[in-house]
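Data block below; observations after.
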Amino acid sequence: MRRAPRPLLRHPTRRRSAPHRLLATGVATVAIAAALLPTLSWAHAVVFPKASTPGAYEKYVLRVPNEKAVATTRVELRVPAGVRVTSFADVPGWQLEIVMDSAKAITAAIWTGSLPPRRFVEFPFVAVNPKTDTRIEWPAYQTYADSERVEWTGPEGSKSPASVTTVATTPDAEGGVTKLLPWVAIVLSLVSLGLAMRKPEARTPA
């Protein structure tokens, strides 16, 4: 007498573990995408614009936030080689000292004043870009009332990076793509997370 075949037993743990793995993958993807965002431009001393063209007379702005509980009292910007600064805008409450070399070229600008906590200040200036495609790194130094001096001179991705301006013949195309990539990564990660959180369809046993 033939025995009826035993029904296949489905392992309940496996059915639950797959969505959990997908969810963990989605969360990890979101975390990685968030890490790609250019956080230095939101919280550090930054020179804008981030992209310009060779030989242009560009209006730049050094934006400095106060990230401590005491006032910022001094801000210094070093002028990179190949950049010719021509003029500065007056900033209320701040005194400007211009440093020149023996050829009367501006090599640094020093602003002294008082920037309270949770505030930022902008220092506009006009400069002539180098005539060839390059990357301009802007060394900046921020001094607080407690005598701490922060040097914004490090590489990109570091704790205190120097601001960078890309000088290229087609800065909009190059800079636009670079700025768009982190946001594309976040959108893709959110889509992945949404798919991971979808409730699996119930299967009818055969």
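Along the sequence shown, the residues carry numbers beginning at 1.
- For N129, the side chain to side chain donor-acceptor pair (under 3.5 Å) partners two or more places apart in sequence, or in a different chain, are S52, Y60.
- Side-chain heavy atoms closer than 4.5 Å link hydrophobic residues (I, L, V, M, F, W, Y) into clusters, and following such links, possibly through other members, connects L96 to L62.
- Partners of A69 according to the side-chain contact (heavy atoms from CB on, under 4.5 Å) rule, which considers only residues two or more places apart in sequence or in another chain, do not exist here.
- One distance of note links OG of S163 with NE2 of H44; it measures 11.0 Å at 0.5 Å rounding.
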Report all side-chain donor-acceptor pairs from residues 107-128 shorter than 3.5 Å, counting only partners two or more places apart or in another chain.
| from | atom 1 | to | atom 2 | distance (Å) |
| --- | --- | --- | --- | --- |
| T107 | OG1 | V99 | O | 3.3 |
| E122 | OE2 | R63 | NE | 2.8 |
| E122 | OE2 | R63 | NH2 | 3.0 |

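- When the side-chain contact (heavy atoms from CB on, under 4.5 Å) test is applied to T73, the partners found at least two apart in sequence or on another chain are T143, A145.
- Side-chain contact between P130 and V83 is present, with heavy atoms from C-beta onward closer than 4.5 Å.
- Residue pairs meeting the side chain to side chain donor-acceptor pair (under 3.5 Å) criterion with at least one partner in residues 77-91, sequence neighbours excluded, are Y57-R84, E76-R78.
- Listed by chain and number, the residues in a side chain to side chain donor-acceptor pair (under 3.5 Å) with K68 are D146, E148 (sequence neighbours excluded).
- Between the side chain of K50 and the main chain of V164, a donor-acceptor pair closer than 3.5 Å is present.
- The side chain to side chain donor-acceptor pair (under 3.5 Å) test applied to Y141 returns no partner, not counting sequence neighbours.
- The side chain to side chain donor-acceptor pair (under 3.5 Å) analysis of residues 91-101, with sequence neighbours excluded, yields no pairs.
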When the side chains of residues 133-140 are checked against the rest of the protein, which donor-acceptor pairs come out under 3.5 Å, sequence neighbours left out?
| from | atom 1 | to | atom 2 | distance (Å) |
| --- | --- | --- | --- | --- |
| D133 | OD1 | T169 | N | 3.2 |
| D133 | OD1 | T169 | OG1 | 3.3 |
| R135 | NH2 | E156 | OE1 | 3.3 |
| W138 | NE1 | T165 | OG1 | 3.0 |

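- Using a 4.5 Å cut-off on side-chain heavy atoms (C-beta onward), V64 and W152 make no contact.
- V91 and V61 end up in different hydrophobic clusters when Ile, Leu, Val, Met, Phe, Trp and Tyr side chains are linked at under 4.5 Å.
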